[in-house]
Undergrad: 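Below is the structure I would like to discuss, written out as structure tokens.
Order of appearance sets the numbers: ligands from 1, and atoms from 1 within every ligand. Because only heavy atoms are used, hydrogens play no part in the values below, and waters and symmetry mates are left out as well, while side chains stay in. Note that the structure is predicted; figures quoted are calculated from it, not measured.
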Amino acid sequence: MITNGIRSFQELCSMTRNTIDLTAVVAGASGGIGQPLSLLCKASPLVDELSLYDVVNTPGVAADLSHISSVAKVEGYLPSDDGMKNAFTGADLVLIPAGIPRKPGMTRDDLFKINAGIVRDLVKGVAEYCPKAYVLVISNPVNSTVPIAAEVLKAAGVFNAKKLFGVTTLDVVRSETFVQSITGEKDPSKTKIPVIGGHSGETIVPLFSQAKPAVKIPEDKLDALVHRVQFGGDEVVKAKNGAGSATLSMAYAGYRC
Ligand SMILES: NC(=O)C1=CN([C@@H]2O[C@H](COP(=O)(O)OP(=O)(O)OC[C@H]3O[C@@H](n4cnc5c(N)ncnc54)[C@H](O)[C@@H]3O)[C@@H](O)[C@H]2O)C=CC1
Ligand SMILES: O=C([O-])CC(=O)C(=O)O
């Protein structure tokens with residue numbers, strides 16, 4: 001369980017297994033992001049119990065993961081038989097990658113109609129069954145699904161701004177990766193680039209000037225670099241050619257977050 005005095009999710013993640021036994025939920029666990037994210041959670045020494053919730057296939061994903069010899073006890077839940085209640089009750093952390101992904105020609109906003117309702121209903125479950133949990137929303141459009149999650153938590157009287165997150169770490173991961181392809185640095189721990197703003201096109205603002213350690217981006221490469229970070233999602237959607245959007249890099253980024 002989360003101990004008293006933890007102020008942020010990063011603080012939580014930097015703690016060792018000696019001080020924390022996390023009960024985590026992945027909601028949307030059978031999907032393109034959900035499966036690799038669940039694998040990373042299953043492998044984490046911080047996670048003691050892992051609940052996989054989805055509208056399909058979680059018993060199979062859970063059975064598969066349960067053969068891995070890591071600490072976490074893993075269970076799969078479907079909506080039937082009070083699945084959401086059983087999956088969410090007692091959770092410290094709820095990761096939400098549930099919802100449809102983009103196809104070429106779509107913007108993230110085109111996902112709003114369907115994903116807003118999915119996130120709303122899952123966060124209602126959070127409010128009811130694990131109101132103190134940290135909630136990490138991955139489902140797009142993040143710029144809109146997070147405010148929806150906030151309103152649901154406020155309406156239930158359990159909103160805590162320090163516990164609700166929109167996951168935009170993929171923009172940080174992309175920034176660091178693309179910068180390293182310019183600088184030639186091979187150690188991922190040696191490039192830290194803050195990214196502020198939202199998670200869509202120009203709302204994504206990579207602060208290369210604040211890199212630690214400082215990086216020198218050649219003037220003639222800067223615009224293309226900024227554009228690649230801001231539209232990195234489109235690059236993957238195009239390459240996947242109708243089979244969805246970023247999943248593996250997103251799972252990595254979600255876990256790192
Ligand atoms: N924040 C970010 O940086 C990123 C966000 N995304 C977003 O993540 C979302 C998921 O993407 P993928 O995993 O590729 O999609 P996917 O279609 O492969 O998986 C989505 C999963 O959600 C499940 N689901 C649907 N309704 C549900 C409900 N009511 N309760 C529980 N589970 C439900 C589906 O059954 C499916 O297993 C998309 O909205 C996508 O745009 C994707 C990449 C990066
Ligand atoms: O572009 C998308 O639809 C998925 C996403 O958010 C990303 O890859 O950054």
Undergrad: Heavy-atom contact check, 4.0 Å cutoff: does Val142 meet ligand 1?
TA: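 Checking ligand 1 against Val142, which is what was asked, there is a heavy-atom contact under 4.0 Å.
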
Undergrad: Looking only at distances, please establish whether an N/O atom of ligand 1 is found under 3.5 Å from an N/O atom of Leu170.
TA: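 No, no N or O pair falls under 3.5 Å.
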
Undergrad: Which part of His199 is near ligand 1, with near meaning a heavy atom under 4.0 Å away: side chain, backbone, both or neither?
TA: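 The answer is the side chain.
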
Undergrad: Can you report which non-hydrogen protein atom sits closest to atom 14 (O) of ligand 1, along with the distance?
TA: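 For atom 14 (O) of ligand 1, the nearest protein heavy atom is Thr247 CG2, 3.4 Å.
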
Undergrad: Which option, Met250, Lys238, Arg108, owns the non-hydrogen atom nearest atom 7 (C) of ligand 2?
TA: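 The option holding the nearest heavy atom is Arg108.
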
Undergrad: Mind telling me whether Tyr134 and Phe165 have parallel, tilted or perpendicular rings, with 30° and 60° as the class edges?
TA: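 If you compare the ring of Phe165 with that of Tyr134, the planes turn out parallel.
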
Undergrad: Going by distance only, is there an N or O of Val56 that falls short of 3.5 Å from an N or O of ligand 1?
TA: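 In fact, backbone or side chain, Val56 has no N or O that close.
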
Undergrad: His199 and side chain to side chain donor-acceptor pair (under 3.5 Å): which single residue from Asp171, Thr145, Asn143, Thr169 fits?
TA: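 Testing each of Asp171, Thr145, Asn143, Thr169 against His199, the sole residue satisfying side chain to side chain donor-acceptor pair (under 3.5 Å) is Asp171.
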
Undergrad: Between ligand 1 and Tyr53, is the shortest N or O to N or O distance under 3.5 Å?
TA: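 The answer is no, given that Tyr53 and ligand 1 share no N or O pair closer than 3.5 Å.
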
Undergrad: Measure the distance from atom 20 (C) of ligand 1 to every protein heavy atom, then report the residue, atom name and distance (to 0.1 Å) of the closest one.
TA: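 Checked against all protein heavy atoms, atom 20 (C) of ligand 1 sits closest to Gly99 O, 3.2 Å.
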
Undergrad: What protein heavy atom is closest to atom 41 (O) of ligand 1, reported as residue, atom name and distance in Å?
TA: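 The closest heavy atom on the protein side is Asn140 ND2, 2.9 Å.
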
Undergrad: Any salt bridge (Lys or Arg N to Asp or Glu O under 4.0 Å) involving residues 175-185? Give me the pairs, sequence neighbours left out, ordered by first then second residue.
TA: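 Every salt bridge (Lys or Arg N to Asp or Glu O under 4.0 Å) pair that includes a residue of residues 175-185, provided the two are not neighbours, is Glu176-Arg256.
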
Undergrad: Side chain or backbone of Val142 under 4.0 Å from ligand 2, or both, or neither, by non-hydrogen atoms?
TA: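 For Val142, no heavy atom sits under 4.0 Å from ligand 2.
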
Undergrad: Which residue owns the protein heavy atom closest to atom 43 (C) of ligand 1, what's the atom, and how far is it?
TA: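 Residue, atom and distance for the closest contact: Ala246 O, 3.2 Å.
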
Undergrad: Need the ligand 2 atom indices (1-based, order shown) with element for anything under 4.0 Å from a heavy-atom of Arg102.
TA: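 By the 4.0 Å cutoff, the relevant atoms are 1 (O), 2 (C), 3 (O).
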
Undergrad: Verify, without hydrogens or angle tests, whether Asp54 (side chain) and Ser30 (backbone) share a donor-acceptor contact under 3.5 angstrom.
TA: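 Judged by distance alone, yes, a pair lies under 3.5 Å.
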
Undergrad: Given 3.5 Å as the limit, does a donor-acceptor pair link the side chain of Thr203 with the main chain of Gly197, or not?
TA: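 Side chain of Thr203 to backbone of Gly197: no pair is present.
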
Undergrad: State if Pro97 counts as touching ligand 1 under the rule of any non-hydrogen atom under 4.0 Å.
TA: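 A heavy atom of Pro97 does come that close to ligand 1.
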
Undergrad: Quick check on contacts: which atoms of ligand 1 are under 4.0 angstrom from a heavy atom of Val167?
TA: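 Those of ligand 1 that fall under 4.0 Å from Val167 are 1 (N), 2 (C), 3 (O).
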
Undergrad: Select one of side chain, backbone, both or neither to describe which atoms of His199 lie under 4.0 Å from any atom of ligand 2, heavy atoms only.
TA: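 Looking at His199 and ligand 2, just side chain atoms fall under 4.0 Å.
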
Undergrad: How does Asn115 reach ligand 1, if at all, at less than 4.0 Å between non-hydrogen atoms: by side chain, backbone, both, or neither?
TA: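 Asn115 to ligand 1: side-chain contact only, backbone stays beyond 4.0 Å.
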
Undergrad: Please compare Asp54, Val26, Asp171 and report which has the shortest non-hydrogen distance to atom 36 (C) of ligand 1.
TA: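 Residue with the shortest heavy-atom distance to the ligand atom: Asp54.
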
Undergrad: What residue and heavy atom of the protein are closest to atom 16 (P) of ligand 1, and at what distance?
TA: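 Result: Gly32 N, 3.8 Å.
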
Undergrad: Mark the output for Val236 as yes if a heavy-atom distance to ligand 2 is under 4.0 Å, and as no if none is.
TA: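 Distance cut 4.0 Å: Val236 fails for ligand 2.
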
Undergrad: Just need the protein heavy atom nearest to atom 38 (C) of ligand 1, so name the residue and atom and give the distance.
TA: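 Atom 38 (C) of ligand 1 sits closest to the protein heavy atom Ile100 O, 3.2 Å.
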
Undergrad: Who's the nearest protein heavy-atom neighbour of atom 29 (N) of ligand 1, and how far?
TA: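 In this structure, atom 29 (N) of ligand 1 has Ile118 CG2, 3.7 Å as its nearest protein heavy atom.
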
Undergrad: With atoms numbered from 1 as shown, which atoms in ligand 1 lie under 4.0 angstrom from a non-hydrogen atom of Leu111?
TA: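 That gives atoms 41 (O) of ligand 1.
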
Undergrad: Using a strict 4.0 Å cut-off to heavy atoms of Gly233, name the atoms of ligand 2 that fall inside it.
TA: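 Checking each atom against Gly233, I get 1 (O), 7 (C), 8 (O), 9 (O).
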
Undergrad: Judged by non-hydrogen atoms, does Gly244 sit under 4.0 Å from ligand 1?
TA: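 No, Gly244 has no heavy atom closer than 4.0 Å to ligand 1.
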
Undergrad: Could you check atom 42 (C) of ligand 1 against the protein and tell me its nearest heavy-atom contact, residue, atom and distance included?
TA: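 Among all protein heavy atoms, the one nearest atom 42 (C) of ligand 1 is Ile33 CD1, 3.4 Å.
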
Undergrad: Are any of the N/O atoms on Leu122, whether in the backbone or the side chain, positioned under 3.5 angstrom from an N/O atom of ligand 1?
TA: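 No, Leu122 has no N/O under 3.5 Å of an N/O on ligand 1.
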
Undergrad: Do Ser189 and Asp187 meet the criterion of a side-chain donor-acceptor pair at a distance under 3.5 Å?
TA: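 On atom types as modelled, these side chains qualify, holding a pair under 3.5 Å.
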
Undergrad: Using a 4.0 Å heavy-atom cut-off, which part of Arg174 comes near ligand 2: side chain, backbone, both, or neither?
TA: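 It is the side chain that touches ligand 2; the backbone stays farther off.
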
Undergrad: Give the atom numbers and elements of ligand 2 that come within less than 4.0 Å of a heavy atom of Ala246.
TA: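 Per the distance check, 8 (O).
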
Undergrad: Is Lys192 atom NZ crowded by more than 12 heavy atoms from other residues, nucleotides or ligands, each under 6.0 Å away?
TA: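 Yes.
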
Undergrad: What heavy-atom pair brings Leu164 and Ala149 nearest, and what distance separates the two atoms?
TA: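 Shortest heavy-atom contact: CD1-CB, 3.9 Å.
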
Undergrad: Test your reading of the structure: does Ser245 have an N or O sitting under 3.5 Å from an N or O of ligand 1?
TA: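 For ligand 1, there is no N or O atom that lies under 3.5 Å from one belonging to Ser245.
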
Undergrad: Taking non-hydrogen atoms only, is Asp171 closer than 4.0 angstrom to ligand 2 via side chain, backbone, both or neither?
TA: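 The answer is neither.
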
Undergrad: Got a sec: does the NZ of Lys154 have more than 12 other heavy atoms crowding it under 6.0 Å?
TA: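 Yes - once you tally the heavy atoms of other residues, nucleotides and ligands closer than 6.0 Å, there are more than 12.
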
